[in-house]
2 protein chains.
Amino acid sequence: MSRESDHRTLHNRVLAELGPAIAAGRYGPDHVFTLDGLVREFGVSRTVAREAVRVLESMRLVVSRPRTGVRVRPRSEWSVFDPQLIRWRLAGPGRLEQLRSLNGLRAAVEPPAAAAAARLASAEERAALVDLERRMAATGRRGDLEGFLELDIAFHRRILELSGNDMFAGLSGVVAEVLAGRTEHSLMPPTPRPEALCLHRHVASAIDGGLPQVAEAAMRAIVDEVVEALEGGGGADGGRDLGPGGTDPGAQGPGGPTAAG
Amino acid sequence: MSRESDHRTLHNRVLAELGPAIAAGRYGPDHVFTLDGLVREFGVSRTVAREAVRVLESMRLVVSRPRTGVRVRPRSEWSVFDPQLIRWRLAGPGRLEQLRSLNGLRAAVEPPAAAAAARLASAEERAALVDLERRMAATGRRGDLEGFLELDIAFHRRILELSGNDMFAGLSGVVAEVLAGRTEHSLMPPTPRPEALCLHRHVASAIDGGLPQVAEAAMRAIVDEVVEALEGGGGADGGRDLGPGGTDPGAQGPGGPTAAG
DNA sequence: CCGCTTCAATAGTGTTATCAATAGGGCGGT
DNA sequence: ACCGCCCTATTGATAACACTATTGAAGCGG
């Protein structure tokens with residue numbers, strides 16, 4: 001599912017090892033690499049190593065200075081919105097923490113985005129959104145989780161795009177990553193909850209009807225549900241999937257896999 | 001004030017020309033550069049040109065492929081959260097549009113961040129925040145705009161940091177950019193409005209008192225005021241392009257420079 | 001004994017030359 | 001008209017070298 005960054009070029013392959021390692025905190029902060037060390041470790045030319053460092057530098061993961069070498073910066077200075085860095089963190093031990101942060105961001109942004117969409121979307125766009133929601137609900141009820149995920153992502157992305165705010169739209173990739181990550185790690189019930197589907201329909205029809213406040217409230221309900229599932233359900237983490245007492249999908253107590261993003 | 005990105009290295013100097021040009025839409029989308037073209041145009045070696053391209057590629061401004069060259073991607077695919085790209089856009093003709101987007105983002109994020117800070121901050125952190133606010137207000141009343149700006153930035157940054165959310169904290173640089181950009185372009189009144197100062201005090205004391213909802217509401221009042229000033233007052237823009245029907249900066253109707261975000 | 005200056009070792013920075021690999025477009029065949 | 005092959009433009013990668021900034025320590029003087 002999650003397409004890893006082009007392993008076609010060599011410097012990207014170096015990045016694919018170095019980036020996650022740094023993002024996971026295996027080196028840091030103030031750990032120092034030397035270019036020659038990277039050259040030897042990865043068996044690549046100096047040029048390639050330098051290109052990789054340039055990219056890491058542009059994400060503010062490292063600084064490169066003469067005589068000093070390539071120094072890892074403290075986490076607080078990283079460009080945490082860089083999609084690549086987000087993916088690296090989602091792939092590593094910081095996954096749960098990263099998911100929490102991202103959901104907090106979603107909770108903040110998506111409701112206002114839905115409100116803005118309700119104000120700005122054109123007639124065709126509203127119709128298309130409603131149609132999208134319908135297909136999503138149908139797919140969900142059919143139990144086609146993969147298809148549902150795809151449409152769910154499309155739904156949220158479309159709303160962010162319709163908000164008319166570049167920055168909101170720029171988060172659509174992040175949202176996709178979160179949603180995909182959730183199903184990928186079995187945090188989803190086998191079939192989306194009817195309540196969640198219902199809320200999505202409310203969002204769609206509120207935007208269709210030009211009701212910003214309703215759209216905002218409905219979207220807030222959706223994202224808050226997810227946040228609660230993640231915060232309350234507790235860090236069922238450790239490794240990759242549900243932790244101690246991984247609840248049987250059938251018996252969903254309070255905090256079981258519940259949301260449908 | 002706005003520290004330009006290290007012009008120490010050569011590839012950064014290339015970036016400093018190429019990046020803003022692309023961000024401004026001077027080449028766009030599907031425009032194709034050739035590496036040799038860049039080498040000739042900037043008088044640098046192939047290595048340096050490639051490093052610059054690598055960075056642009058990591059921001060998703062371009063894709064580089066054999067035989068094809070370096071192709072500019074459509075704006076919708078850019079990493080709009082990249083701090084460097086934000087600065088480039090703020091420096092160019094898209095400045096007003098960019099400011100609007102960023103303010104929308106602030107309006108979405110800062111209130112929840114304030115709420116979270118009210119829940120999570122430690123006793124010392126609360127005290128420090130209150131103190132910070134006091135100094136800010138004093139500086140503002142004294143009419144020291146530059147000092148006020150600095151403390152205002154520090155105030156908002158601190159709250160984002162105290163939210164306990166990496167992503168929120170990651171926006172502090174962006175917020176700083178917006179606030180700095182505002183005074184830099186004379187969108188600020190000569191002395192901060194008392195109402196704005198009062199709201200800041202409310203935020204600080206609500207966080208200090210552990211009242212998330214109050215903190216959220218007060219912060220919302222602050223950012224909404226700014227948003228209204230920007231949307232309503234229209235771009236009293238010192239830059240190159242006001243939109244069609246750009247209002248005369250002298251005649252500040254409802255929504256002249258008013259806020260103190 | 002402390003502090004300033006000087007110097008040299010040590011990285012990254014930048015250049016050039018050269019070869020390999022890829023992919024787009026044209027050419028020819030069917 | 002369509003398909004597939006080949007040609008070549010352009011990026012990808014390597015190597016070897018000269019340049020430069022930084023820093024830490026030696027040396028000098030107060």
Side-chain angles (χ1 to χ4, degrees), chain A residues 3-19 21-22 27-74 77-78 84, chain B residues 3-19 21-22 27-74 77-78 84:
Chain A
R3 57 266 163 265
E4 56 263 19
S5 348
D6 289 356
H7 276 202
R8 284 179 306 202
T9 59
L10 210 36
H11 82 271
N12 271 329
R13 264 176 290 195
V14 173
L15 273 177
E17 277 199 57
L18 208 48
I22 297 175
Y27 306 96
D30 287 350
H31 177 92
V32 173
F33 297 97
T34 78
L35 217 38
D36 272 319
L38 297 177
V39 165
R40 272 194 297 276
E41 179 171 357
F42 291 99
V44 296
S45 69
R46 212 174 163 74
T47 311
V48 168
R50 280 177 56 178
E51 285 174 4
V53 168
R54 284 285 111 78
V55 174
L56 292 175
E57 204 174 25
S58 90
M59 309 193 220
R60 301 168 173 274
L61 258 64
V62 302
V63 286
S64 173
R65 289 168 53 193
R67 171 74 194 185
T68 317
V70 178
R71 169 176 267 115
V72 176
R73 306 176 87 160
E77 296 177 9
W78 296 355
Q84 212 165 20
Chain B
R3 56 263 156 267
E4 57 264 18
S5 343
D6 290 353
H7 277 204
R8 284 179 304 204
T9 59
L10 207 38
H11 83 270
N12 271 331
R13 264 175 291 194
V14 173
L15 273 177
E17 276 200 58
L18 209 47
I22 296 175
Y27 307 95
D30 287 351
H31 177 92
V32 172
F33 297 97
T34 81
L35 215 41
D36 271 317
L38 297 176
V39 165
R40 272 195 297 275
E41 180 171 357
F42 292 99
V44 296
S45 70
R46 204 178 162 73
T47 310
V48 169
R50 278 182 57 178
E51 284 173 3
V53 168
R54 285 285 108 80
V55 173
L56 292 175
E57 205 174 23
S58 90
M59 308 192 218
R60 298 167 178 273
L61 257 63
V62 302
V63 286
S64 171
R65 290 167 53 194
R67 171 70 198 186
T68 315
V70 178
R71 181 183 303 262
V72 176
R73 304 176 88 161
E77 295 177 9
W78 297 355
Q84 211 163 20

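The structure presented is a predicted model; accordingly, all values stated were derived computationally and were not measured. Chain letters run A, B, ... following the sequence lines, proteins first and then strands; every chain starts at 1.
- Salt-bridge formation is detected for the pair B:R54/B:E57: a Lys NZ or Arg NE/NH1/NH2 atom is positioned less than 4.0 Å from an Asp or Glu carboxylate oxygen.
- Residues A:V44 and A:V14 form a side-chain contact, since some pair of their non-hydrogen atoms from C-beta on lies under 4.5 Å apart.
- Positionally, the nearest nucleotide of DNA chain D for B:D36 lies more toward the 5' end than for the other of B:D36 and A:P66.
- Checked by atom type and distance alone, the side chain of A:T68 pairs as donor or acceptor with a backbone atom of A:P66 at under 3.5 Å.
- Between A:L38 atom CG and C:dA11 atom P there is a gap of 13 Å when expressed in whole angstrom units.
- A distance-only check finds no donor-acceptor pair linking the side chain of B:W78 to the backbone of B:M59 [under 3.5 Å].
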Given A:V55 and B:V55, is the side-chain contact (heavy atoms from CB on, under 4.5 Å) satisfied, shown in steps?
CA-CA 6 Å; A:V55 174; B:V55 173; 5.5 Å; no
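- If you take CZ of A:R71 and P of C:dG12, they are 12 Å apart, rounded to a whole angstrom.
- We find the CG-NE2 distance between A:L18 and A:H11 to be 12.0 Å, quoted to the nearest 0.5 Å.
- Along DNA chain D, read 5' to 3', the first and last nucleotides having any atom under 4.0 Å from a heavy atom of chain B are D:dT8 to D:dA13.
- In this structure A:R13 satisfies the side chain to side chain donor-acceptor pair (under 3.5 Å) test with no other residue, sequence neighbours excluded.
- The stretch residues 45-58 of chain B touches DNA chain C through B:S45, B:T47, B:V48, each having a heavy atom within less than 4.0 Å of the strand.
- Within the 4.5 Å cutoff, the side chain of B:R50 has heavy atoms near those of the B:L35 side chain.
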Below 3.5 Å between N/O atoms, which protein atoms pair up with nucleotides 5-8 of chain C? Just atom names and distances, please.
none

Step by step, work out the side-chain contact (heavy atoms from CB on, under 4.5 Å) result for A:R73 and A:V63.
CA-CA 7 Å; A:R73 306 176 87 160; A:V63 286; 3.8 Å; yes
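- At a threshold of 4.5 Å between non-hydrogen side-chain atoms, the residues B:I22 and B:L56 count as touching.
- The stretch residues 32-55 of chain B participates, sequence neighbours left out, in these ring-ring contact (aromatic ring centres under 6.0 Å, His included) pairs: B:Y27-B:F33, B:H31-B:F33.
- Contact check for B:D30 versus B:V72: no side-chain heavy atoms found under the 4.5 Å cut-off.
- The structure places CG of B:D6 at 11.5 Å from CG of B:L15, a figure rounded to the nearest 0.5 Å.
- Taking the screw axis at each terminus of the helix from C:dC1-D:dG30 to C:dT30-D:dA1 from five consecutive base pairs, the angle between the two is 10° to within rounding of 10 degrees.
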